[in-house]
Visitor: 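Sharing a structure here in structure tokens format.
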2 protein chains.
Amino acid sequence: MGTAATVYDVAERSGVSIATVSRVYRQPESVRKQTRERVLGVARELGYVPSGNARGLASRSTGVLGLCFPDYADPGAEAEASEAGESDDDAMLYSDQIIRGMERAARRNGYALLIAASLEEGPEGLVHKVAGRVDGFAVLAGTVPAGELAAIARRMPIVVLAGPGGERRTDLLDHVEVANEDGQEEITRHLIEEHGVRRPAFVGAGAESPDGEARFRGYRRALLAADLPAPSEPDLRVGMMTRAEGARAAEILLDRAGGAPEAIVFANDQMAVGALHALEGRGVRVPEDVAVTGFDGIPLGRLVRPGLTTVRQPMRQLGEEAVNLLVGRLNGGLAGERVSKVLPVSLVRRQSCGCGTAPR
Amino acid sequence: MGTAATVYDVAERSGVSIATVSRVYRQPESVRKQTRERVLGVARELGYVPSGNARGLASRSTGVLGLCFPDYADPGAEAEASEAGESDDDAMLYSDQIIRGMERAARRNGYALLIAASLEEGPEGLVHKVAGRVDGFAVLAGTVPAGELAAIARRMPIVVLAGPGGERRTDLLDHVEVANEDGQEEITRHLIEEHGVRRPAFVGAGAESPDGEARFRGYRRALLAADLPAPSEPDLRVGMMTRAEGARAAEILLDRAGGAPEAIVFANDQMAVGALHALEGRGVRVPEDVAVTGFDGIPLGRLVRPGLTTVRQPMRQLGEEAVNLLVGRLNGGLAGERVSKVLPVSLVRRQSCGCGTAPR
DNA sequence: GTGAAAGCGCTAACAT
DNA sequence: ATGTTAGCGCTTTCAC
């Protein structure tokens with residue numbers, strides 16, 4: 001690569017000072033038209049591109065918003081890729097949707113978007129790489145230790161996505177999540193009220209997953225409201241929430257002592273889809289013998305047979321809200337009060353719950 | 001936001017020089033463990049985050065790769081959103097796939113990814129914003145005037161995606177594209193040889209679309225090879241390549257003087273899907289009355305009935321190759337010779353061409 | 001309207 | 001192993 005042309009080069013060649021060159025870009029109006037055009041001409045000729053770094057250093061702002069997500073933002077993505085073959089390309093991952101939402105919103109606000117997935121590094125890791133180059137950023141919950149975030153949050157706005165709800169309000173972090181609890185309650189109630197389910201089972205995530213726990217709470221709330229026995233723990237917990245785990249979970253529940261449940265409520269779609277396969281393999285009919293529901297609203301849920309009844313999360317909007325929050329802070333608004341936003345989810349009724357079939 | 005802590009603050013509080021603070025981050029090994037930990041402690045305590053800008057300025061590199069794409073990277077995306085309702089969320093756009101591919105590859109190479117869609121700005125526009133903040137970047141063909149790119153390419157590696165093939169080799173730009181011509185030839189040959197089509201029609205893009213033209217060349221080549229009459233122009237050209245346009249095109253071809261074609265070969269999937277709807281609306285059976293093919297391999301093509309026979313483009317891989325090229329250049333390799341890479345595409349046989357149905 | 005000069009926060013020789 | 005010293009390329013008062 002040739003050596004970079006700088007303000008100095010441009011200034012010299014066009015017979016003005018570097019200050020004027022700078023002005024041509026920052027406040028074109030403040031430079032006489034004739035001078036401006038001369039400078040611009042030379043700039044083009046030299047292939048001059050203002051250094052974003054120098055600019056940022058001098059003006060203390062970058063015009064960039066960031067997004068950090070875990071190396072593994074999508075439960076079962078890898079597993080899916082290997083199982084499903086060609087469908088790998090089709091699957092829209094969470095991170096993709098969030099990225100898209102953020103990119104659009106950032107663009108509207110004149111920002112670019114810097115994305116980075118974790119990948120262990122030096123002393124302080126991923127966040128610093130991002131934090132050092134943006135005006136503010138969003139983090140998928142769990143990507144970064146809360147302590148680190150809190151420290152950085154003193155310098156720039158940060159919004160946590162999809163993380164712990166009203167709980168650990170220890171910090172200055174803004175927060176956007178979807179209504180996990182409400183959504184799970186609604187879908188469970190649907191099972192109970194519309195399909196007469198009275199002995200469902202819940203397959204959840206590890207207790208360390210905030211989303212998983214919130215969903216279980218919603219599930220439980222629905223049972224309680226219907227005067228059904230509500231266990232204090234999920235019937236089953238799995239580690240990865242993959243299709244494979246979902247299939248395994250279905251097998252286990254089918255074979256368990258108390259008899260098979262009337263419905264299996266999964267904490268995400270991946271598992272539910274895995275279960276659908278496993279159930280079909282064993283000749284168990286869905287929804288006639290057992291109803292199945294998921295959570296997330298992945299595209300695959302529409303392709304499987306029977307179609308998966310689930311709760312759709314507005315991931316795109318999540319990204320957009322994150323940007324709105326960041327931009328708001330950057331513009332000086334919202335100074336102070338920590339914001340925590342919950343986006344509504346929606347029930348998607350397909351066939352796996354019993355809809356479109358004779359009532360049980 | 002509180003005021004930023006700098007190397008100076010950290011250095012002072014931990015009783016070392018700024019050089020040592022810097023070393024703690026750049027080459028941890030070169031600092032005595034005890035010192036290092038003290039510095040790190042103070043850093044954390046102060047909420048210190050190295051300024052990426054200052055870093056970049058001093059070291060002339062950012063650790064970031066960029067991607068520029070047009071505000072409108074996806075043919076028919078907007079149209080699709082309004083027509084299809086809920087499917088908006090599901091559709092995996094080109095840009096999404098490229099982004100995903102680039103992000104993964106970038107991550108593997110220790111880079112973060114900066115993405116920005118065009119949006120008119122100051123004197124020099126989008127590219128400069130990106131170019132000033134990255135070590136190299138990819139551009140979707142047509143996003144940026146070739147002249148600007150050429151100028152910037154003197155400073156940093158640039159790779160053009162999906163653009164003009166071997167043609168305008170005026171510059172230092174590397175280049176990655178998919179085998180448009182080969183793919184279109186193959187699918188056309190398939191129609192001719194497997195399904196006995198002898199009077200197909202081609203619906204292409206405007207002549208300014210390099211992809212569209214390449215596809216038409218492939219189509220033509222297949223006709224020529226089969227000793228069929230090969231027109232020098234597409235039977236129809238449309239502006240936007242949307243579903244609506246595809247539907248309209250189908251109507252026109254059906255009604256045209258010479259009689260309906262045996263097959264309609266569309267230059268992209270969006271149009272083909274639109275045509276499928278229109279045809280069904282008119283009671284024309286696909287593939288019995290007329291075969292239909294697309295190009296791209298969008299997920300929707302698998303959902304429609306009949307399933308759309310098409311050519312799949314490896315967009316993900318396109319992003320990955322772009323990063324590989326960039327990283328290669330940055331590591332000093334490839335110095336000089338302009339690289340132009342063509343990725344193979346693959347034929348996806350579904351039902352719209354006549355496969356899985358009685359031969360015509 | 002334009003120039004001069006002082007940083008912005010860090011890295012990278014070069015000393016010690 | 002650690003400190004000193006120059007810049008890196010730009011923005012930004014403050015003069016002229």
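Letters A, B, ... mirror the listed sequences (proteins, then strands); counts begin at 1. Keep in mind that what you see is a predicted model, and the values were worked out from it rather than measured. These values consider heavy atoms only, across backbone and side chains, with no hydrogens, waters or symmetry-generated copies.
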Visitor: How many Å lie between CD1 on B:Ile18 and C1' on D:dT4, as a whole number?
Guide: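 One finds 9 Å between C1' of D:dT4 and CD1 of B:Ile18, rounded.
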
Visitor: Over all heavy atoms of both residues, which pair between A:Arg329 and A:Pro157 is shortest? Give the atoms and the distance, please.
Guide: CB-CB, 3.6 Å

Visitor: Does B:Ser30 put a side-chain nitrogen or oxygen below 4.0 Å from OP1 or OP2 of D:dT2?
Guide: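 Result: no.
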
Visitor: Atom CZ of A:Arg60 and atom C1' of C:dG9: how far apart are they, to the nearest Å?
Guide: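 Rounding to the nearest Å, CZ of A:Arg60 and C1' of C:dG9 are 9 Å apart.
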
Visitor: May I ask you to evaluate whether B:Thr20 reaches the phosphate of D:dG3, defined as a side-chain N or O under 4.0 Å from OP1 or OP2?
Guide: yes

Visitor: When the distance from OH of B:Tyr25 to C1' of D:dT2 is rounded to whole Å, what number comes out?
Guide: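 The distance from OH of B:Tyr25 to C1' of D:dT2 comes to 17 Å, rounded to the nearest Å.
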
Visitor: Considering all heavy atoms of both residues, which atom of A:Tyr25 and which atom of A:Pro28 are nearest to each other, and what is their separation?
Guide: O-CD, 4.1 Å

Visitor: A:Leu46 has an atom CG; how far is it from atom C1' of D:dG9, in whole Å?
Guide: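 Rounding to the nearest Å, CG of A:Leu46 and C1' of D:dG9 are 15 Å apart.
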
Visitor: Hey, is the side chain of A:Ser22 poking within less than 4.0 Å of OP1 or OP2 on D:dT11, counting only N and O atoms?
Guide: yes

Visitor: For A:Arg26, report the nucleic acid contact type (base, sugar-phosphate, nothing); a contact means any heavy atom under 4.0 Å.
Guide: sugar-phosphate

Visitor: Could you work out which one of C:dG9, D:dT11, D:dG9 sits closest to the side chain of A:Ser59?
Guide: D:dT11

Visitor: Describe the nucleic acid contact of A:Val16 in one word from base, sugar-phosphate, nothing, applying a heavy-atom distance below 4.0 Å.
Guide: sugar-phosphate

Visitor: Ignoring hydrogens and angles, are the base of C:dC10 and the side chain of B:Tyr8 linked by a donor-acceptor pair under 3.5 Å?
Guide: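 For B:Tyr8, whose side chain was compared with the base of C:dC10, there is a donor-acceptor pair (under 3.5 Å).
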
Visitor: CG of A:Asn53 versus C1' of D:dT11: gap in Å, rounded?
Guide: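 Nearest whole value for this atom pair: 14 Å.
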
Visitor: From A:Arg316 CZ over to A:Arg104 CZ, what is the distance, rounded to the nearest 0.5 angstrom?
Guide: 5.0 Å

Visitor: Are OP1 or OP2 of C:dG1 and a side-chain N or O of A:Arg32 less than 4.0 angstrom apart?
Guide: no

Visitor: For the side chain of A:Tyr48, counting heavy atoms from C-beta on, which of C:dC10, D:dC10, C:dT2 is nearest?
Guide: D:dC10

Visitor: Take atom CD of B:Gln27 and atom C1' of C:dA12, then tell me their distance rounded to the nearest Å.
Guide: 9 Å

Visitor: So, OP1 or OP2 of C:dT2: does either fall under 4.0 Å of a side-chain N or O from A:Arg23?
Guide: no

Visitor: Of B:Ala54 and B:Gly15, whose closest DNA chain D nucleotide lies nearer the 5' terminus?
Guide: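 First, find each residue's nearest nucleotide; the 5'-ward one identifies B:Gly15.
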
Visitor: Grab the two heavy atoms, one from A:Val130 and one from A:Gly66, that are nearest each other, plus how far apart they are.
Guide: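 Where A:Val130 meets A:Gly66 most closely, the heavy atoms are CG1-CA, 4.2 Å.
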
Visitor: Would you give the length of the straight line joining atom CG of B:Asn109 to atom CG of B:Asn331, rounded to the nearest 0.5 angstrom?
Guide: 7.5 Å

Visitor: Between B:Asp135 (CG) and D:dC8 (P), how many Å, whole number?
Guide: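 So the two atoms are 18 Å apart, to the nearest Å.
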
Visitor: Between B:Ser17 and D:dG3, does any side-chain N or O lie under 4.0 Å from OP1 or OP2?
Guide: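 The answer is yes; a side-chain N or O of B:Ser17 sits under 4.0 Å from OP1 or OP2.
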
Visitor: What is the distance from CZ of A:Arg133 to P of C:dC10, rounded to the nearest Å?
Guide: 12 Å

